[in-house]
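What you see below is based on every heavy atom in this structure, not just the backbone, and it leaves out hydrogens, waters and symmetry mates.
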Amino acid sequence: MNQTDTSQFLGTEKISKLMLKFSLPCVLSLLVSALYNIVDQIFIGNSELSTLGNAATGVVFPVFVIAQAFAWCIGDGCAAYLNICQGRNDTQTAHKAIGTGITFTLAASILLLFIFYPLKTQVLTLFGASENSIGMAVEYLSVILAFFPVYMLSNMMNSVIRADGSPAWAMASMLIGAAVNIVLDPLFIFGFHWGMTGAALATGIGQLLAFLAGLWYFFHTKTFRLERRSFVPDLKAFSGALKLGISSFIAQVTIVAVVLICNIMLVKYGAASQYGVDIPIAVMGIESKVFTVVINIVVGIVLGCQPIIGYNIGAKKYDRVKKLYKSILFCTLLIGAVFTLLFEIAPDAVAGMFGTPRNIPNPDDYWLFAEKTFRIFLSLVTFTCVVKMTSIFFQAAGKPAQAVVASLIRDVVCFIPLIIILPIFFGIEGILYAAPIADAISILVTVALTVTFMKKLQ
């Protein structure tokens, strides 16, 4: 299909068909990506490692996010730059940016490895590991770090593979890694009794196979060809890609900041509560993985629609843009409503998937805090989804200022101050109420931005 045919297709095909074609592979790919973090926690929680094991993986999670920040920044930037080069019929620049991106991703992974490895204990303690969980957390991270280069390269390459017109292959490579992880986790944890080391090895081997699948694709690309000289850093080409990917970096770093401050507050106020330190950290670790699944569905829908949004904005087909936003919003509200009902009606069932507490003094306190977390902390998760979806929509529509405001208003402007202030008056429950209050404020700002934007599309 040539460029003209593609333009007509994006500008004339039914919105529902376009959404199905473009969004479904993206949603599945992001869900598979979320499985990497969630599968380990399920098997660990149902083993003798139990609650402390879940607490350990919870404090390691921000390290994954830091790695993703660099990989997605470079990968998303190179992907966007590749699409721009395609539109310009530029066949000489894209491979330089992508090759340089691979080189820089590898260098960044090695740098992070050398930074984190000697500072494992200090970093994990900073992210909330207690004296009870620090040993398991260090054991898990020690193995995970060895796979950092392939993990980061796999994430970087996946973005480029999607931009090259092969979202199904990007999804398949992630699916291969997740499937291997699911198979090896019970074998290593229950069969070989390798504990946290086994869980980390299963994850790492899955990441290695996902990387190999992505690497194979890079020898069979559609719109560009890598050569030896592609990997020699070309800063001029790479700087253009890096500018396009910096928003992905900011988004991931924001997540790290939120997790860091939240965990610090959980440790401080958990120690003064009936729950202690380990229960809040373990439950919040589970909550973050479940929340990732919900948000990845919504993000997958709107990310898949980015080419449709961008084309119709450029073609000034504003009626189609409005209709597309309404369709994405309907899907987002539906997904948010379904998960909200699940969290309110059956919080114990959601937490129960990650095992029953066995190695803590008061298991009843675990279930009590889990119930409160899912019912209070995620009570307005629908609003969170709408805010995140709208931010990405603004980005695709060429409105970076509105995108940044919508992206930062919830986490940086509202949530972080609230989790610092509210516990002073309400103890650890104040942390739980910080989320819905931040959601309520941010949805008002997001609605105002959206209404203003839509009025201008006349």
Search all heavy atoms of Leu226 against all heavy atoms of His95 and return the closest pair with its distance. CD2-O, 3.6 Å
For Met19 and Ile328, what are the C-alpha separation, side-chain angles and deciding distance, and is it a side chain to side chain contact (heavy atoms under 4.5 Å, CB included)? CA-CA 9 Å; Met19 288 183 65; Ile328 299 172; 4.0 Å; yes
My understanding is that only residues two or more places apart in sequence, or in another chain, count here; which of them pass side chain to side chain donor-acceptor pair (under 3.5 Å) with Ser109? none
Looking at Glu227, I'd like to know if its CD atom is crowded, meaning that more than 12 non-hydrogen atoms belonging to other residues, nucleotides or ligands lie closer than 6.0 Å. yes
Could you tell me if Lys120 sits above the aromatic ring of Tyr117, with its cationic atom closer than 6.0 Å to the ring centre and no more than 45 degrees from the axis? yes
Worked verdict on Ser154 versus Gln207 for side chain to side chain contact (heavy atoms under 4.5 Å, CB included): CA-CA 7 Å; Ser154 175; Gln207 292 167 357; over 6 Å; no
When you measure from the side chain of Asn46 to the backbone of Ile42, do you find a donor-acceptor pair of N or O atoms at a distance under 3.5 Å? yes
OG1-OH distance between Thr197 and Tyr140, expressed to the nearest 0.5 angstrom: 11.0 Å
Any sub-3.5 Å donor-acceptor pair from Asn158's side-chain atoms to Gly214's backbone N or O? no
Using a 4.5 Å cut-off on heavy atoms from C-beta on, say whether the side chain of Thr373 contacts that of Leu378. no
Taking Asn296 for the side chain and Leu31 for the main chain, is one N or O donor matched with an acceptor at less than 3.5 Å? no
Side-chain heavy atoms of Phe147 within contact of Thr203, under 4.5 Å: no
Heavy-atom closest pair, residues Gly198 and Asp185: O-OD1, 4.4 Å
Could you pull out the closest heavy-atom pair between Cys331 and Ile301, with the gap in Å? CB-CD1, 4.0 Å
Of the non-hydrogen atoms in Ala137 and Val59, which two are nearest, and what is the gap between them? CB-CG2, 3.8 Å
Any donor and acceptor pair, going by atom type alone, linking the side chain of Ser230 with main-chain N or O of Gly99 inside 3.5 Å? no
Give the table of side-chain donor-acceptor pairs shorter than 3.5 Å for residues 187-195, with sequence neighbours excluded, one pair per line with atom names and distance.
unit_1 : atom_1 : unit_2 : atom_2 : d
His193 : NE2    : Phe190 : O      : 3.3

Under 4.5 Å between any side-chain heavy atoms of Phe339 and Ile297, yes or no? yes
Ignoring hydrogens and angles, tell me if any N or O in the side chain of Arg225 forms a donor-acceptor pair with the backbone of Thr221 under 3.5 Å. yes
Parallel, tilted or perpendicular: rings of Phe224 and Phe218 (30°, 60°): perpendicular
pair Trp216-Leu212: side-chain heavy atoms closer than 4.5 Å: no
When you compare the side chain of Gln252 with that of Ile66, does any pair of heavy atoms fall below 4.5 Å? no
Take Val63 and Phe148 through the side chain to side chain contact (heavy atoms under 4.5 Å, CB included) test and state the conclusion after the steps. CA-CA 10 Å; Val63 180; Phe148 250 38; 3.6 Å; yes
Any donor and acceptor pair, going by atom type alone, linking the side chain of Ser23 with main-chain N or O of Leu20 inside 3.5 Å? no
When every non-hydrogen atom of Leu113 is compared with those of Ala146, the smallest separation belongs to CD1-N, 4.5 Å
Would Val65 and Trp72 count as a side chain to side chain contact (heavy atoms under 4.5 Å, CB included) here? Give the steps. CA-CA 10 Å; Val65 178; Trp72 289 1; over 6 Å; no
Please say which of Phe374, Phe291, Phe377 ends up in a ring pair (Phe, Tyr, Trp, His ring centres under 6.0 Å) with Phe343. Phe374
To the nearest 0.5 Å, atom NZ of Lys317 lies from atom CG of Leu324 at 13.0 Å
CG/Asp76 to CG/Asn155 distance, rounded to the nearest 0.5 angstrom? 9.5 Å
In Å and rounded to the nearest 0.5 Å, what is the CG to OG1 distance from Asp439 to Thr382? 9.0 Å
Could you measure the distance from the CG atom of Leu153 to the CG atom of Leu106? Nearest 0.5 Å is fine. 5.5 Å
Exactly one of Thr254, Ile261, Leu260 clears side-chain contact (heavy atoms from CB on, under 4.5 Å) with Ile416, and that residue is Ile261
Does a side chain donor of either Ser130 or Asp278 reach within less than 3.5 Å of an acceptor in the other side chain? yes
Would a 4.5 Å heavy-atom cut-off, applied to side chains only, mark Val413 and Val445 as touching? no
Distance-only polar pair, side chains of Thr446 and Thr390, donor-acceptor under 3.5 Å: no
Please examine the side chains of Met284 and Leu432, heavy atoms only from C-beta on, and report whether any two atoms are closer than 4.5 Å. yes
Under 3.5 Å: donor-acceptor pair, side chain of Ser391, backbone of Val387: no
Do side-chain atoms of Thr103 reach the backbone of Phe231 as a donor and acceptor pair under 3.5 angstrom? yes
Step by step, would you call Ser173 with Tyr217 a side-chain hydrogen bond (donor to acceptor under 3.5 Å, both in side chains)? CA-CA 10 Å; Ser173 68; Tyr217 180 87; over 6 Å; no
Output for pair (Cys262 SG, Glu287 CD), nearest 0.5 Å, gives 8.0 Å
Do Val321 and Phe393 make a side-chain contact, defined as non-hydrogen atoms from C-beta onward lying under 4.5 Å apart? yes
Over all heavy atoms of both residues, which pair between Val412 and Pro417 is shortest? Give the atoms and the distance, please. O-CD, 3.4 Å
Looking at Val258, is its backbone amide N or carbonyl O close enough to the side chain of Asp411 to form a donor-acceptor pair, meaning the two atoms are under 3.5 Å apart? no
Using atom types as modelled and distance alone, determine if a side-chain donor or acceptor of Asp164 lies under 3.5 Å from a backbone N or O of Lys222. yes
